[in-house]
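What you see is a predicted model; the values in this text were computed from it and never measured. Indexing begins at 1, ligand by ligand and atom by atom, following the structure's order.
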Amino acid sequence: MADYSRFMRQANLIGGEWVSADDGATIAVENPATGEVIGHVPKCGAAETYRAIAAAQRAFESYRETTANERSVMLRHLHDALMDHQQSLAELLTTEQGKPLAEAKGEIAIGAAYVLWYAEEIRRTYGEIVPSPVQDRRLLVTKHPTGVVGAITPWNFPSSMLARKLGPTLAAGCTVVVKPATVTPYSALAWGVLAEDAGFPAGAVNILTGSAREIGGEIMSNPLVKKVTFTGSTEVGKTLIRQSADTVKKISMELGGNAPFIVFDDADVDRAVEGAIASKFRNSGQTCVCTNRFYVQEGIYDAFLAKLKAATEALKVGNGLEDGTQQGPLIDTAAISKMEDLMKDAEAKGGRVVTGGKRHALGGQFYAPTIIAEANDIMQLTREEIFGPIAPIFKFNTEEEVIARANDTEFGLAAYAYTQDLGRAFRLNEKLEYGLIGINEGIITTVEAPFGGLKESGLGKEGGHQGIDDYLDTKYTAIGGLNL
Ligand code: NAP
């Protein structure tokens, strides 16, 4: 085991000081693989958040004056610090979140890649000089840091979801108040240590753990916070959108999904199974882009199902820190109960358990990788985000039918399809109502491309050159009466 003690802070970061909650209250954090308490973090509320926002505003006054190049250098230091400590940060992540160590290392690496991407992007974030309709006037369009950002993040990617927000925030010249998920606070608090090491000024990054309602309430109501970026459930996202109205904040929302995975008769079945395993069982099925519904065309149904069964049964379930583990525990006991409820409903409505379908023999928060065939549209898991290792398999006949069924949801985050037909690939691009589409690929997230959902899956993009737009205000200035 690496030594992650330097990164595992039991305190919050406000204005460059590591502090406790005002009343000393704390929250216990557990390892989901063992149930052991691994530490305690402050239980902060509105008062501490108010001070953190004030500190971020003070830091913003000078940080906004730094040059893009100066910020780029600090971001590159931050990237290097992440990669230098990849192993220990990954072990800390697995200890609090449960995912296999290899996935945790991948998460640290992709987080570092986002930071580097924005270190590069900010030096090429240009304004414009617009042709003027009047001879003695010149029209300038310029970009400026938006101000203090509020960032609220989930537990399923406790490090990289923050990277996607901190990267553009700090690149743009904004400062931030972060509220991570309560069950996985340490990976977020580690960013405070890393930001200090990289040379960011006190107050540029503030991190608070504690009451979601109180911290969130202050972030949403405080007029100094100009932008809020949230990743989490659609339900909480909608609450935040409503709350943002009073002070007209800019918002970006990365919310829930209900991803279809379509296997056409002409698919390369082995490739489809490989993609299916990656897109379904990664992080024990607890990602927003995880497949929720497998639609398999009649002619390939039996072959796909047989191969998917074999691959699913070969997955090694266990403590993420153990060598070779491919699926860790679920995040909490409520998640286990949700899997049990979804399976009970699906079986009662005609589903056939092909493998799994129950808690794993390891007990605790482990659930067996599961396939349920003969899935149908009246099952609860068709409409809801499963967020766990259950793969429901639906049969379909025609392309037209499956596109309609795939789109029949209020969500619009990720969709996958396997086909060898190039024309069909373009039809899917045009007709699937999803922000992210993988054709013959089960994992498509990359820093170079914009990540974000349509419909009730969200607003705005993270990654790509688009990812920095929300952190910058565009100003138009007309300079007239020029002696030209
Ligand atoms: P969640 O329950 O919505 O929580 C997300 C964050 O919001 C946590 O920090 C949570 O704090 C906080 N929160 C809860 N209630 C709040 C309130 N009233 N005001 C302000 N903040 C509040 O979601 P989750 O269970 O952690 O994450 C899973 C969800 O995230 C899934 O729906 C998944 O699809 C979605 N997700 C989406 C993306 C994407 O990019 N689209 C990526 C990853 C995850 P506490 O922890 O203290 O409750």
Side-chain angles (χ1 to χ4, degrees), residues 27 29-30 32 41-46 49 96-97 99 107 110-111 114 150-165 177-189 207-222 225 228-244 249 251-259 282-292 330-332 334-335 338 384-388 409-414 434-436 444-445 449-463 467:
I27 305 170
V29 182
E30 288 179 9
V41 291
K43 189 178 182 193
C44 284
T49 310
E96 67 174 348
Q97 202 274 345
K99 67 178 60 181
E107 180 173 342
I110 195 159
Y114 275 103
I152 304 176
T153 52
W155 50 262
N156 61 344
F157 290 95
S159 186
S160 64
M161 292 297 120
L162 194 46
R164 289 182 185 189
K165 302 179 189 314
V177 174
V178 176
K179 188 242 165 281
T182 298
V183 289
T184 55
Y186 291 118
S187 295
L189 290 163
I207 308 171
L208 295 158
T209 51
S211 163
R213 208 167 282 274
E214 285 197 33
I215 297 172
E218 182 61 35
I219 287 176
M220 297 314 296
S221 61
N222 193 315
V225 177
V228 171
T229 169
F230 171 77
T231 301
S233 62
T234 296
E235 189 191 349
V236 173
K238 287 181 180 176
T239 302
L240 301 182
I241 292 170
R242 285 187 205 102
Q243 291 175 348
S244 70
K249 296 189 195 309
I251 45 169
S252 40
M253 297 276 146
E254 294 289 355
L255 308 177
N258 181 354
R282 187 165 64 112
N283 202 3
S284 306
Q286 303 170 116
T287 88
C288 53
V289 292
C290 269
T291 295
N292 218 57
L330 299 194
I331 193 68
D332 54 22
K338 181 178 172 190
E384 275 180 37
E385 189 177 30
I386 298 171
F387 233 59
T409 166
E410 68 273 26
F411 296 107
L413 188 56
Y434 288 85
L436 313 164
I444 62 169
T445 305
F451 184 107
L454 307 182
K455 293 158 79 175
E456 293 187 21
S457 287
L459 296 166
K461 302 291 177 194
E462 293 188 328

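Protein heavy atom closest to atom 25 (O) of ligand 1, with residue, atom name and distance, is W155 NE1, 2.9 Å. Nearest to atom 42 (C) of ligand 1 among the protein's heavy atoms is C288 SG, 2.9 Å. The nearest heavy-atom contact from the protein to atom 9 (O) of ligand 1 is T153 O, 2.7 Å. Counting only heavy atoms of the protein, atom 20 (C) of ligand 1 lies nearest to A212 O, 3.5 Å. Shortest contact from atom 12 (C) of ligand 1 to any protein heavy atom: I152 CG2, 3.7 Å. Atom 16 (C) of ligand 1 has its closest protein heavy atom at V236 CG1, 3.5 Å. Of the protein's non-hydrogen atoms, the one nearest atom 35 (C) of ligand 1 is G232 O, 3.1 Å. For atom 32 (O) of ligand 1, the nearest protein heavy atom (residue, atom name, distance) is E385 OE1, 2.7 Å.
With a 4.0 Å heavy-atom cut-off, ligand 1 is reached by the side chain of F230 but not by its N, CA, C or O. Here P180 has backbone heavy atoms under 4.0 Å from ligand 1, and that is the only part of it that gets that close. If you look at M161 next to ligand 1, the close heavy atoms, those under 4.0 Å, all belong to the side chain.
Below 3.5 Å of separation, one finds an N or O of K179 facing an N or O of ligand 1. Between S233 and ligand 1, a contact under 3.5 Å exists for at least one N or O pair. Not a single N or O atom of F387, backbone or side chain, sits closer than 3.5 Å to an N or O atom of ligand 1.
Summarising the local packing, NZ of K43 is surrounded by 12 or fewer heavy atoms from other residues, nucleotides or ligands at distances under 6.0 Å.
In this structure, P154 and G232 approach most closely via the heavy-atom pair CB-CA, 4.3 Å. The two residues I110 and S160 make their nearest non-hydrogen contact at CG2-CB, 3.9 Å. Between E107 and P158 the shortest heavy-atom distance is OE2-N, 3.2 Å. Of all heavy-atom pairs between T287 and N156, the closest is CA-ND2, 3.6 Å. Nearest heavy atoms, I331 versus V183: CG1-CG2, 4.0 Å.
A distance of 11.0 Å separates CD1 of I251 from NZ of K249, quoted to the nearest 0.5 Å.
Judged by a 6.0 Å distance limit and a 45° cone about the ring axis, K179 is not positioned over the six-membered ring of F230.
Assignment of L255 to the shell around ligand 1 is supported, since a heavy atom sits closer than 4.0 Å.
For residues 208-220, the pairs satisfying side chain to side chain donor-acceptor pair (under 3.5 Å) are N12-T209, E218-N222, with sequence neighbours left out.
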List the atom pairs, donor and acceptor, that lie under 3.5 Å between side-chain atoms in residues 450-463 and the rest of the protein, sequence neighbours left out.
from	atom 1	to	atom 2	distance (Å)
K455	NZ	N407	O	3.1
K455	NZ	T409	O	2.8
K455	NZ	E433	OE1	2.9
E456	OE1	K238	NZ	2.7
S457	OG	G256	O	2.6
S457	OG	G412	N	2.8
S457	OG	L413	N	3.3
K461	NZ	G452	O	3.4
E462	OE1	R164	NH1	3.4
E462	OE2	K165	NZ	2.7

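In summary, the atoms of ligand 1 found under 4.0 Å from a heavy atom of G256, numbered by their order in the structure, are 32 (O), 34 (O). The ligand atoms of ligand 1 that sit less than 4.0 angstrom from a heavy atom of T182 are 45 (P), 46 (O), 47 (O). Taking every non-hydrogen atom of N156 and a distance limit under 4.0 Å, the qualifying atoms of ligand 1 come out as 43 (C), 44 (C). Numbered from 1 in the order shown, with element, the atoms of ligand 1 that lie under 4.0 Å from a heavy atom of G216 read 20 (C). The distance from ligand 1 to the heavy atoms of T231 drops below 4.0 Å at these ligand atoms: 5 (C), 36 (N), 37 (C), 38 (C), 39 (C), 40 (O), 42 (C), 43 (C), 44 (C). Atoms of ligand 1 found under 4.0 Å from any heavy atom of L240, numbered from 1 in the order shown, are 19 (N), 20 (C).
Judged purely by atom type and a 3.5 angstrom limit, Q97 has no side-chain atom pairing as donor or acceptor with the backbone of T184. Judged by distance alone, with hydrogens and angles left aside, the side-chain atoms of N258 form no donor-acceptor pair with the main-chain N or O of E410 at under 3.5 Å. Counting only distance, with no hydrogens or angles, the side chain of Q243 and the backbone of M220 share no donor-acceptor pair below 3.5 Å.
There is a protein heavy atom less than 4.0 angstrom from atom 3 (O) of ligand 1.
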